[in-house]
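Keep in mind it's a predicted model, so treat the numbers as computed, not measured.
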Amino acid sequence: MSNQTEYAYKYIRERILDGTFKPTQKLIESQLSELISVSRNTVKKALLKLEQENLVKIENNKGATIKSFTLEEVKNYLEIREALEGLIARSAAKHITDAEIDALEQLLLRMGDFLKQNQFDEYSKLNKEFHSIIYKASRNIQATEMVNMIKTQLMRFHFRTLLIPGRNESSFNEHQMIFTTLKNHDSEKAEEAIKQHISNVRKTIENNYQYLL
């Protein structure tokens with residue numbers, strides 16, 4: 001991929017994932033070309049790459065629109081993620097190093113501070129780092145790749161779930177529970193804790209779907 005295509009792809013992708021560009025919104029090549037200062041052909045190539053990631057839908061004579069998911073599809077994705085994250089946590093509990101456990105503990109302390117200050121953006125970034133360490137500790141690379149693909153699809157929902165009253169405290173408690181099971185190298189409990197966490201994310205989205213779109 002050329003530098004310009006890569007730049008256009010990242011530009012559009014970021015705006016889809018942070019909600020600047022909305023689900024079902026049409027992406028007009030000429031407008032994007034002006035906005036990003038690249039050729040229409042470059043925009044076309046970037047959109048094709050986004051279609052491969054299932055973030056954009058391209059139809060003949062209609063152009064590109066941002067993919068939107070029904071509640072049913074979101075629930076299905078999260079059920080798959082729940083099963084996969086369980087496998088990842090089970091493996092991570094066996095293989096996690098002391099250094100990785102320390103890193104998780106430091107992240108948790110900082111996450112707690114950000115929550116107290118209502119800095120949800122910062123909390124969200126550390127949340128990602130927390131899960132990345134678990135993925136790195138796991139030996140199930142294929143499950144991790146599949147989870148990352150699902151997370152990309154649903155990223156626009158993730159941050160907004162933290163704005164649901166009470167969800168952020170629950171999220172933090174769930175992360176503490178996951179940490180304890182990993183520190184104890186308890187595969188069964190780690191699988192249980194992470195599945196419970198994803199299940200709660202799914203229920204939050206289910207109960208507040210209309211506010212999260």
Quiz item: Is Ile58 reachable from Val43 through a run of hydrophobic residues whose side-chain heavy atoms are each under 4.5 Å from the next?
Solution: yes

Quiz item: Counting heavy atoms not belonging to Gln25, are there more than 12 under 6.0 Å from its CD?
Solution: yes

Practice problem: Determine yes or no for a side-chain-to-main-chain donor-acceptor pair under 3.5 angstrom, with Ser91 supplying the side chain and Leu87 the backbone. | Solution: no

Quiz item: Side chains of Gln196 and Asn200: do they bring a donor and an acceptor to under 3.5 Å?
Solution: yes

Self-check item: Minimum heavy-atom distance between Gln153 and Glu53, given as atom pair plus value
Solution: NE2-O, 2.5 Å

Practice problem: Check Arg202, Lys203, Lys195 against Glu82 for a salt bridge (Lys or Arg N to Asp or Glu O under 4.0 Å) and give me the one that passes. | Solution: Arg202

Exercise. Would you mind reporting whether Gln52 and Leu48 have side-chain heavy atoms less than 4.5 Å apart?
Key: no

Quiz item: Taking only residues at least two apart or on different chains, which pairs with a member in residues 141-153 satisfy salt bridge (Lys or Arg N to Asp or Glu O under 4.0 Å)?
Solution: none

Quiz item: Is it the case that Ser33 and Ser30 place a side-chain donor and acceptor less than 3.5 Å from each other?
Solution: no

Self-check item: From CA spacing to verdict: salt bridge (Lys or Arg N to Asp or Glu O under 4.0 Å), Lys10, Glu6
Solution: CA-CA 6 Å; Lys10 282 184 175 164; Glu6 178 75 23; 3.3 Å; yes

Quiz item: Less than 4.5 Å apart, any side-chain heavy atom of Ile178 and any of Phe130?
Solution: yes

Quiz item: Do Leu27 and Ile66 come close enough that some side-chain heavy atom pair is under 4.5 Å?
Solution: yes

Quiz prompt | CD1 on Ile96 to NZ on Lys136, rounded to 0.5 Å | solution = 10.0 Å

Quiz item: Roughly how far, to the nearest 0.5 Å, is the CD atom of Gln31 from the CZ atom of Arg40?
Solution: 10.0 Å

Self-check item: Within-4.5 Å side-chain heavy-atom neighbours: Ile150 and Leu84
Solution: yes

Exercise. Scan side-chain atoms only and decide if Thr20 and Asp18 contain a donor-acceptor pair under the 3.5 Å cut-off.
Key: yes

Quiz prompt | Min side-chain heavy-atom separation Tyr77-Ile205 under 4.5 Å | solution = no

Quiz item: Just one of Glu192, Glu191, Glu85 clears the side chain to side chain donor-acceptor pair (under 3.5 Å) bar with Arg90, so which one?
Solution: Glu191

Quiz item: Please, which pairs that meet side-chain hydrogen bond (donor to acceptor under 3.5 Å, both in side chains) have at least one residue in residues 98-112, sequence neighbours excluded?
Solution: Thr97-Glu100

Quiz item: Is the CD atom of Glu51 crowded by more than 12 outside heavy atoms at less than 6.0 Å?
Solution: yes

Quiz item: About how many Å separate NZ of Lys44 and OG of Ser39, when rounded to the nearest 0.5 Å?
Solution: 10.5 Å

Quiz item: Do you know the tightest heavy-atom contact between Ser170 and Gly166?
Solution: OG-O, 3.1 Å

Quiz prompt | Flag side-chain contact, heavy atom, 4.5 Å: Glu14 against Ile16 | solution = no

Quiz prompt | Pairwise side-chain contact, Thr152 with Leu55, heavy-atom cut-off 4.5 Å (strictly under) | solution = yes

Practice problem: Write out all pairs satisfying ring-ring contact (aromatic ring centres under 6.0 Å, His included) with one or both partners inside residues 3-34, taking only residues at least two apart or from two chains. | Solution: none

Quiz item: Can you tell me how far OH of Tyr123 sits from CZ of Phe172, rounded to the nearest 0.5 angstrom?
Solution: 6.5 Å

Quiz item: Transitively linked via ILVMFWY side-chain contacts under 4.5 Å: Ile12 with Met149?
Solution: no

Quiz item: Can you tell me if NZ on Lys57 sees more than 12 non-hydrogen neighbours from other groups inside 6.0 Å?
Solution: no

Exercise. Say whether, by atom type as modelled, one donor and one acceptor occur between the side chain of Lys189 and the main chain of Met177 under 3.5 angstrom.
Key: no

Quiz item: Going from NE2 on His175 to CG on Asn127, what distance comes out if it is rounded to the nearest 0.5 angstrom?
Solution: 3.5 Å

Quiz item: Are Glu174 and Arg167 ion-paired here, with the side-chain N under 4.0 Å from a carboxylate O?
Solution: yes

Quiz item: So if you build clusters from Ile, Leu, Val, Met, Phe, Trp, Tyr with side-chain heavy-atom gaps below 4.5 Å, do Tyr209 and Ile164 land together?
Solution: yes

Quiz item: What are the two closest non-hydrogen atoms of Ser187 and Lys94, and how far apart are they?
Solution: OG-CG, 3.4 Å

Quiz item: Where do Tyr135 and Asn140 land on the side-chain contact (heavy atoms from CB on, under 4.5 Å) test, with the steps shown first?
Solution: CA-CA 8 Å; Tyr135 299 157; Asn140 197 330; over 6 Å; no

Practice problem: Indicate if Ile134 and Ile141 have the same hydrophobic cluster label, given that clusters are the connected sets of ILVMFWY residues with side-chain heavy-atom separations under 4.5 angstrom. | Solution: no

Quiz prompt | CZ on Arg139 to NE2 on His95, rounded to 0.5 Å | solution = 4.5 Å

Exercise. Determine the minimum heavy-atom distance between Ala103 and Ile133, stating which atoms define it.
Key: CB-CD1, 3.7 Å

Practice problem: Give the C-alpha distance, both sets of side-chain angles, the deciding distance and a yes or no for side-chain contact (heavy atoms from CB on, under 4.5 Å) between His197 and His131. | Solution: CA-CA 12 Å; His197 171 56; His131 285 278; 3.7 Å; yes

